[in-house]
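See below for the structure under consideration.
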Amino acid sequence: MDGDVTLASKADLAFDALRFLYVGFLSSLPAWARYTVLALFGLTVVYGFVGWLRRRGTDAPPGADAVHEDEARVR
């Protein structure tokens, strides 16, 4: 899929994040299920942050050092 496609609104994303946190902290699930939900939420946040850092690093415009102009003539 292309990075330009958005499948959900930002409000839906916030609602889902709050629902995940509610299930992880305040639900009556067994401890192992709550810890699994919290771990999945944490991994998703870390994965998103690392992806954002990678995209941020690759979108930088090339600097003056990236252009190599040689004085030698080529035939």
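- Side-chain contacts under 4.5 Å among hydrophobic residues (ILVMFWY), followed directly or transitively, place Y47 with no other residue at all.
- Screening L21, D16, V46 against F41 for a side-chain contact (heavy atoms from CB on, under 4.5 Å) leaves a single residue, L21.
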Report all side-chain donor-acceptor pairs from residues 23-37 shorter than 3.5 Å, counting only partners two or more places apart or in another chain.
unit_1	atom_1	unit_2	atom_2	d
S27	OG	V23	O	2.6
R34	NE	L29	O	3.2
T36	OG1	W32	O	2.7

